[in-house]
Amino acid sequence: MLKVKVAPSILAGDFARMGETVKTLEECGADYIHCDVMDGNFVPTITFGDQMIRHIRPYTSLPLDCHLMVLRPETRLEGFARAGANMATIHVEECRENTVQMLRLIKNYGMRASAVINPNTPVESIFDAVGDADMLLLMSVHPGWGGQRFIPETLEKIERLRTFCICAGKPELDIEVDGGITEENVKDVISAGANVIVAGSTVFRSNDLKATIARLRGE
Ligand code: DX5
Ligand code: ZN
């Protein structure tokens, strides 16, 4: 069984106190900080850009896992790398058939490289990325907002992606799942083959961050 990692999404946090928030998440046992970057174009919502990454960077030594819901992510990569992002995840829908090239570009900037697909994008669309990716992300809600319900069809996509990774000789590739994950459905997500769990509302609505993060990790 792969080690399960929990990546709380700061989208659900208090934007006026983000430094303290990421420090607290680290103290409470988070493995990564999931940063939802939205540009108001790829998705209707606007959140923050690389400036937020630069500002929170001194408050944590955890990897900053940047989910780029933006048009033309290739134009943003340098800014995120300079700001201290450790990982950049780009949407296959915005890669115009060049996912592999984009992953290599991310690595050239010194970040771990990851690709993501939306719920309506077939899982086969991400198979090409398996060879070059450090992680792959499957969206289990439509991107743009926190607090939505988990789309159950994602479970089959996770299974198919894990099987593909095994057959491609990368059985331990990190598979991250993002959206609507709760303490109840996380077990199904992990047994389907995912090992990096994004959780926004579930973590931030909790009165005991440490216990919730531990339970999401299956402890
Ligand atoms: C949605 C974001 C998610 C979101 C998850 O576009 O990519 O990371 O913050 O939030 P919850 O866990 O509340 O669904
Ligand atoms: Zn996300």
Side-chain angles (χ1 to χ4, degrees), residues 4-15 18 21-22 25 28 30-50 52-53 56 62-71 73 76 80 85-95 106 111-121 126 133-155 157-158 174-190 194-207 209 212-213 215-217:
V4 176
K5 294 166 213 160
V6 176
S9 164
I10 58 172
L11 179 62
D14 178 348
F15 278 37
M18 227 29 124
T21 302
V22 297
L25 290 170
C28 292
D31 296 284
Y32 299 152
I33 304 292
H34 186 82
C35 304
D36 283 308
V37 177
M38 304 187 190
D39 68 350
N41 287 297
F42 182 77
V43 287
T45 330
I46 298 177
T47 54
F48 50 80
D50 55 11
M52 174 70 97
I53 304 304
I56 63 175
L62 291 180
L64 300 176
D65 160 24
C66 298
H67 175 191
L68 304 181
M69 287 163 273
V70 302
L71 296 186
R76 307 283 180 192
F80 279 90
N86 303 85
M87 234 185 282
T89 300
I90 39 124
H91 270 266
V92 168
E93 296 84 1
E94 197 45 31
C95 284
I106 296 172
M111 297 181 286
R112 292 184 72 213
S114 162
V116 50
I117 51 170
N118 282 335
N120 291 342
T121 303
I126 209 165
D134 297 307
M135 182 171 84
L136 292 173
L137 168 57
L138 297 176
M139 289 306 296
S140 41
V141 298
H142 296 284
W145 300 271
Q148 304 177 72
R149 286 176 82 87
F150 182 85
I151 298 172
E153 286 76 17
T154 314
L155 293 174
K157 288 170 94 174
I158 303 170
D174 283 337
I175 298 180
E176 184 177 50
V177 179
D178 182 6
I181 299 186
T182 63
E183 287 185 34
E184 289 71 44
N185 63 24
V186 70
K187 293 166 199 71
D188 297 335
V189 172
I190 294 168
N195 68 311
V196 183
I197 304 300
V198 177
S201 320
T202 295
V203 168
F204 283 93
R205 280 184 199 152
S206 155
N207 299 322
L209 289 185
T212 299
I213 290 171
R215 280 197 295 268
L216 284 170
R217 210 188 275 112

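Numbering of ligands and ligand atoms starts at 1, following listing order. Predicted model only: the values in this text are computed from it and were never measured. Residue numbers start at 1 and run along the sequence shown.
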### Task
Would you please say whether a donor-acceptor pair under 3.5 Å links the side chains of T154 and S140?
no
### Query
Going by distance alone, is a donor N or O of one side chain under 3.5 Å from an acceptor N or O of the other, for S114 and E176?
no
### Message
How large, to 10°, is the angle at the Zn ion (ligand 2) when you draw lines to OD2 on D178 and to NE2 on H34?
### Response
100°
### Message
Heavy-atom contact check, 4.0 Å cutoff: does M139 meet ligand 1?
### Response
yes
#### Entry: Pick from D178, T89, L11, V43: the one approaching atom 3 (C) of ligand 1 most closely through a non-hydrogen atom
D178
#### Entry: From G144, G179, G180 - option closest to atom 6 (O) of ligand 1 by heavy atom
G144
### Task
Consider ligand 1: state whether an atom of it lies below 4.0 angstrom from any non-hydrogen atom of T202.
no
### Query
Can you list the ligand 1 atoms lying under 4.0 Å from a non-hydrogen atom of A199?
12 (O)
#### Entry: H34: numbered ligand 1 atoms lying under 4.0 Å from its heavy atoms
8 (O)
## Note on the structure
min-distance N/O/S atom, D36 vs the Zn ion (ligand 2), resolves to OD1
#### Entry: From S201, S9, P143 - option closest to atom 13 (O) of ligand 1 by heavy atom
S201
### Task
Measuring from the Zn ion (ligand 2), name the closest N, O or S atom belonging to H67.
ND1
